[in-house]
Amino acid sequence: MKNITTLLTLILLIGCNSIQTNIEVDSVDTFNLDNYNDFYIKINESNVSAEINPIELERFKDNLKYALQERGLTYSADSNLTFDINLTTKDKIQSDRMNHYYSRYYWDRYMYRDDIRTITENILRVNLKDNSSDSTLWTVVTIWRSGSSKAATSDDGSDLIVDEIMLSFL
């Protein structure tokens, strides 16, 4: 029984560690969020395409705002520290070259056929700017496909990305 419990615990730990996010964070070496008392969040609505639900984008903004307020910062429109949220979509063409195609019922006779499809990717970039020096201090980018569970506009994906953002400030 002890071996089974140990095995189940090991599987659980490996499963929890295998959750990976596709988030890239970069910052200036001298940046420290603790040097600031307030912040402002701005959504760049000129780049937002029609495929993006604005209610879900506002939900992401509110999640980020709440997490920063829990950290001790206050929300102020006159702040020197501005989080710029940029969201855009990009179509990407993928091609899988196939020498043959086997179906359950037949072999495809057309050799060297290309399977071409268009995939829409959503790109979220959050830039942190210091308005007094007019410089970008920190940035994060994530890319996902429509319908993904890791989408920044979904409930779980938004929480996951905000958690990763907050971890990057430690």
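All figures in this text were calculated on a predicted structure; none of them were measured in a lab.
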* Which residues satisfy the salt bridge (Lys or Arg N to Asp or Glu O under 4.0 Å) test with Lys129, sequence neighbours excluded? -> Asp134
* Could I get the full list of side-chain contact (heavy atoms from CB on, under 4.5 Å) partners for Asp38, not counting sequence neighbours? => Thr74, Ser76, Ser79
* **Results of side chain to side chain donor-acceptor pair (under 3.5 Å) for Tyr40 - residues two or more places apart only** => none
* Asked: Do Thr139 and Asn127 pass the side-chain hydrogen bond (donor to acceptor under 3.5 Å, both in side chains) test, and can you show the C-alpha distance, the side-chain angles, and the key distance before you say yes or no?
  -> CA-CA 4 Å; Thr139 187; Asn127 295 324; 2.7 Å; yes
* With clusters built from Ile, Leu, Val, Met, Phe, Trp and Tyr whose side-chain heavy atoms come within less than 4.5 Å, directly or transitively, what are the remaining members of the cluster of Ile123, listed by chain and number? -> Val141, Ile143
* Asked: Mind checking who shares a hydrophobic cluster with Ile55, ILVMFWY linked at side-chain heavy-atom distances under 4.5 Å?
  -> none
* Could you tell me which residues satisfy salt bridge (Lys or Arg N to Asp or Glu O under 4.0 Å) with Glu121, sequence neighbours excluded, listed by chain and number? => Lys92
* Going by side-chain heavy atoms closer than 4.5 Å, which hydrophobic residues are tied to Tyr66, directly or by a chain of links? -> none
* Residues which pass side-chain contact (heavy atoms from CB on, under 4.5 Å) with Gln69, listed by chain and number, not counting sequence neighbours -> Phe39, Lys65, Tyr75
* Mind checking what makes side-chain contact (heavy atoms from CB on, under 4.5 Å) contact with Thr30, not counting sequence neighbours? -> Val28
Below 3.5 Å, can you tabulate the donor-acceptor pairs from side chains in residues 80-88 to any protein atom, sequence neighbours excluded?
{"unit_1": "Thr82", "atom_1": "OG1", "unit_2": "Asn131", "atom_2": "ND2", "d": "2.7"}
{"unit_1": "Asp84", "atom_1": "OD1", "unit_2": "Lys42", "atom_2": "NZ", "d": "3.4"}
{"unit_1": "Asn86", "atom_1": "OD1", "unit_2": "Asn44", "atom_2": "ND2", "d": "3.0"}

* Go through the structure and list residues passing side chain to side chain donor-acceptor pair (under 3.5 Å) with Ser132, not counting sequence neighbours. => Asp130
* Please list, chain by chain and in numerical order, all residues satisfying salt bridge (Lys or Arg N to Asp or Glu O under 4.0 Å) with Arg71, sequence neighbours excluded. => Asp34
* To do: Kindly compute the distance separating OG1 (Thr142) from CG (Asn122), expressed to the nearest 0.5 Å.
  => 10.0 Å
